[in-house]
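The structure appears right after this line, and notes come after that.
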Amino acid sequence: MCLKFFGANISTAIIRPPISSAIQVNQYIMAEIKVQIFISGSPESNFMRSDEVKKGFERMPNRALLKALGVLDDEMDRPFIGIANSFNTIIPGHMALRRIAEYVKYGIYSAGGVPFEFGVIGICDGIAMGHEGMRYALPSRELIADSVEVMVEAHRLDGIVFVGSCDKIVPGMLMSAMRLDIPAIVVTGGPMIPEKYMGETVTLSMAFEAVGKFGKGEIDEEELKFYENLCAPSCGSCQGLYTANTMACLTEVLGLSLPYCATSPCGSSQKLRIAKESGRRIVELVEKGIKPSDFITENSFRNAITLDMLIGGSTNTVLHLPAIARELGMEISLLEFDRISRETPHIVSLDPASRYTMKDLHEAGGIPAILKTAREKFSNEKTVSGYTVYEIAERAWVHGSLIRPLSSPHHPSGGIAILFGNLAEKGAVVKSGAVSEDMMKFNGNARVFESEEDAVNAILNGGIEEGDVVVIRYVGPKGAPGMPEMLYPTSAIAGMGYERVALVTDGRFSGATRGPAIGHVSPEAMDGGVIALVKDGDPISIDIPERSINLLIGEEELLDRKERWVRKEKPLKGYLARYSSLVRGAEHGASMR
């Protein structure tokens, strides 16, 4: 039997042995798929973008420089494929990317292309957390998109494979993929495999919460050290459904990664095979002239939002998806997130909402299994694999009970909710899938802080009481600037054992955040939003089911405070000064376009 397998002819006899795990299932699914290449791109042509740097007598000096790299004469007629690799030795999710990129190269070579690899910056949000460095994390997304654009356009590459992982790197890569609109495919690095401590799976979110437990005296230094040594045991993006893994999942459903790419673990042989197949596939995409705009539609983005709601992903996706869509000339409003959330049940609960991790989701069948379970919620869009969403779903297997049926969800609406009210006239975001039922509706009194550090100190030193609403402001896109992610205060609240404390901010949260943490409050304090007018003791009402958040003071008092408000300017320099002057509000994805 001869199969067309993402651009490679494979002669094989299919024999299906007993299925014992989802990883085996995934292998058989991939082995049996006959790829149906959709030809919806530009007509095939002998002309390639790279001909601009390698064809004709006047390009002899250009060819000489290419030959300095080892390019042969006969390779001058082949597609030139870029590999944008965010490998570095400071982010655990990136440690294995050098090897993954090598397998991408093998695939490109075997399909007749010539690979050229270049580096992409990356920030580890976990290492940057809780200090001035976090102000640079979200702005790095724009730098990543710009730098990839510069490299690809300057060297006239015909196609691009993105090899990356983690919170802002993958969104930045996706932004550049849409902006460049040349054949592109993404290989995400894969999640960590978690360790266990005293029979319990240990994740990064538990480590942050352990800080609060230590501050409360519930654990000693020795136990704190156990968490320190076990919470990040290997390469890969952190184990739970935090921003990195959420974005990997959304990339797969958006249609820019091959099936099972998002959940296949870092360091696994399956990840390497996917990398090699992605290398083969990009050459075929170039030959057929298939680019992102040929198959990614507004419904593709709706599919990504739908998956986000089904799995209860990171609230940071509400920043990233609009910014990515804008690069293709599409606008996604917060109202669209809210509409889809109301129509979509929450059927998968992973850390931090539960103790299940990405490893468990992979063994349950990965993203294709979710597509199969909730097929009616998705539009049948094309993907970079050559398959439509429904065709991928048809070939999937679902294992165990981790992925619930639509008729028996964890929550009847999606895992992310968009709130509006006088405290957030342009919207705010909460990971509702990680909020306990008794905190879905909450009235409390404001405790106002103008820095994350002051808030954390108050939480750890007993300065917060049950019934308080911790308000952290002037940490939005312009105000910080950079809209820092704040896992320390939310984890400190959980670790200190507070059960009836909420947090409201114009900043943002890690995907590892759980509890009633409302972020992205817009307009932000720096723009004179109502959050800038809150005073200690003010009553605040939060109603997640009704999608509302309000400051409960009289209209006359509110108007008086607005009239007396004075913007708090911060001395800035370098990139953050430029970012602050150009960035749009969180309701627009905090992008610079």
Side-chain angles (χ1 to χ4, degrees), residues 121 123-144 146 167-168 172 315-316 318-319 323 423-429 446-459 463 469-490 492 503-510 517-536 538 551 561-593:
I121 66 166
I123 289 175
C124 177
D125 281 36
I127 297 174
M129 195 79 66
H131 53 80
E132 285 295 297
M134 179 47 73
R135 297 200 297 167
Y136 288 87
L138 182 60
S140 75
R141 183 188 69 181
E142 316 300 312
L143 282 178
I144 290 164
D146 291 348
D167 295 31
K168 309 308 172 297
T315 54
N316 283 313
V318 182
L319 295 173
L423 191 53
E425 294 173 345
K426 294 183 179 179
V429 182
R447 285 295 317 281
V448 181
F449 302 92
E450 298 191 357
S451 76
E452 178 186 3
E453 182 182 5
D454 288 345
V456 171
N457 287 338
I459 295 166
V469 178
V470 176
V471 177
I472 307 176
R473 64 190 181 193
Y474 289 99
V475 288
K478 295 179 183 178
M483 203 180 184
E485 187 171 278
M486 289 176 286
L487 181 55
Y488 271 107
T490 56
L503 194 153
V504 176
T505 181
D506 52 6
R508 61 190 179 87
F509 297 113
S510 162
I518 293 93
H520 306 200
V521 170
S522 300
E524 62 173 292
M526 185 61 85
D527 281 338
V530 172
I531 191 171
L533 312 178
V534 181
K535 294 183 177 180
D536 279 342
D538 283 347
L551 178 64
R561 293 185 190 182
K562 284 183 179 179
E563 289 178 2
R564 291 187 286 111
W565 175 76
V566 178
R567 182 192 303 272
K568 295 192 175 183
E569 301 292 348
K570 293 184 178 181
L572 298 171
K573 61 181 180 179
Y575 179 55
L576 287 183
R578 185 162 70 253
Y579 179 84
S580 180
S581 68
L582 296 173
V583 69
R584 303 176 74 187
E587 74 276 15
H588 296 295
S591 70
M592 293 167 63
R593 289 170 62 88

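The structure presented is a predicted model; accordingly, all values stated were derived computationally and were not measured.
- Looking at Asp506, its side chain does come within 3.5 Å of a backbone N or O of Val475 through a donor-acceptor pair.
- Looking at every heavy atom in both residues, Glu524 comes nearest to Gly479 through OE1-N, 2.8 Å.
- At least one donor-acceptor pair closer than 3.5 Å links the side chain of Arg447 to the backbone N or O of Gly463.
- Atom CG of Asp146 is separated from atom CZ of Arg141 by 11.0 Å, given to the nearest 0.5 angstrom.
- Using a 4.5 Å cut-off on side-chain heavy atoms (C-beta onward), Val429 and Phe509 make no contact.
- The distance from atom CE of Met486 to atom CE of Met129, rounded to the nearest 0.5 Å, is 10.0 Å.
- Between Val521 and Thr505 there is no side-chain heavy-atom pair separated by less than 4.5 Å.
- Checked for salt-bridge contact, Asp538 and Arg561 meet the test: a charged N lies under 4.0 Å from a carboxylate O.
- Not one N or O on the side chain of Asp454 forms a donor-acceptor pair closer than 3.5 Å with the backbone of Phe449.
- Using a 4.5 Å heavy-atom threshold, the side chains of Tyr579 and Arg135 count as separate.
- Contact annotation: the side chain of Glu485 approaches that of Asp167 to within less than 4.5 Å [non-hydrogen atoms, C-beta and beyond].
- His520 places none of its side-chain heavy atoms less than 4.5 Å from the side chain of Glu587.
- Residues Lys535 and Val448 form no side-chain contact, since every pair of their non-hydrogen atoms from C-beta on lies 4.5 Å or further apart.
- Glu453 CD: 12 or fewer foreign heavy atoms inside a 6.0 Å radius.
- In terms of heavy-atom proximity, Leu533 sits nearest to Arg473 at N-NH1, 3.9 Å.
- Using modelled atom types, no side-chain atom of Ser580 and backbone atom of Ala577 make a donor-acceptor pair closer than 3.5 Å.
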Requested in this report: Decide side chain to side chain contact (heavy atoms under 4.5 Å, CB included) for Glu452 and Met134; before the verdict, give the C-alpha distance in whole Å, the side-chain angles of both, and the deciding distance to 0.1 Å.
Outcome: CA-CA 11 Å; Glu452 178 186 3; Met134 179 47 73; 5.7 Å; no
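- Going from atom CG of Asp125 over to atom CG of Asn316 covers 7.5 Å, rounded to the nearest 0.5 Å.
- Among all heavy-atom pairs drawn from Ile459 and Pro489, the shortest one is CD1-O, 3.7 Å.
- Taking the side chain as every heavy atom from C-beta outward, Lys168 and Ile123 never approach each other to under 4.5 Å.
- Here the closest non-hydrogen pair linking Ser522 and Ala586 is OG-CB, 3.6 Å.
- In terms of modelled atom types and a separation under 3.5 Å, the side chain of Arg508 and the main chain of Leu319 share no donor-acceptor contact.
- Taking a 6.0 Å sphere around OH of Tyr474, one finds it holds more than 12 heavy atoms contributed by other residues, nucleotides or ligands.
- Closest non-hydrogen pair, Leu576 versus Pro139, comes out as CD2-CG, 4.1 Å.
- For the residue pair Ala455 and Ile472, the shortest heavy atom distance occurs at CB-CD1, 3.6 Å.
- Looking at heavy atoms from C-beta onward, Pro481 lies in side-chain contact with Leu572 at the 4.5 angstrom threshold.
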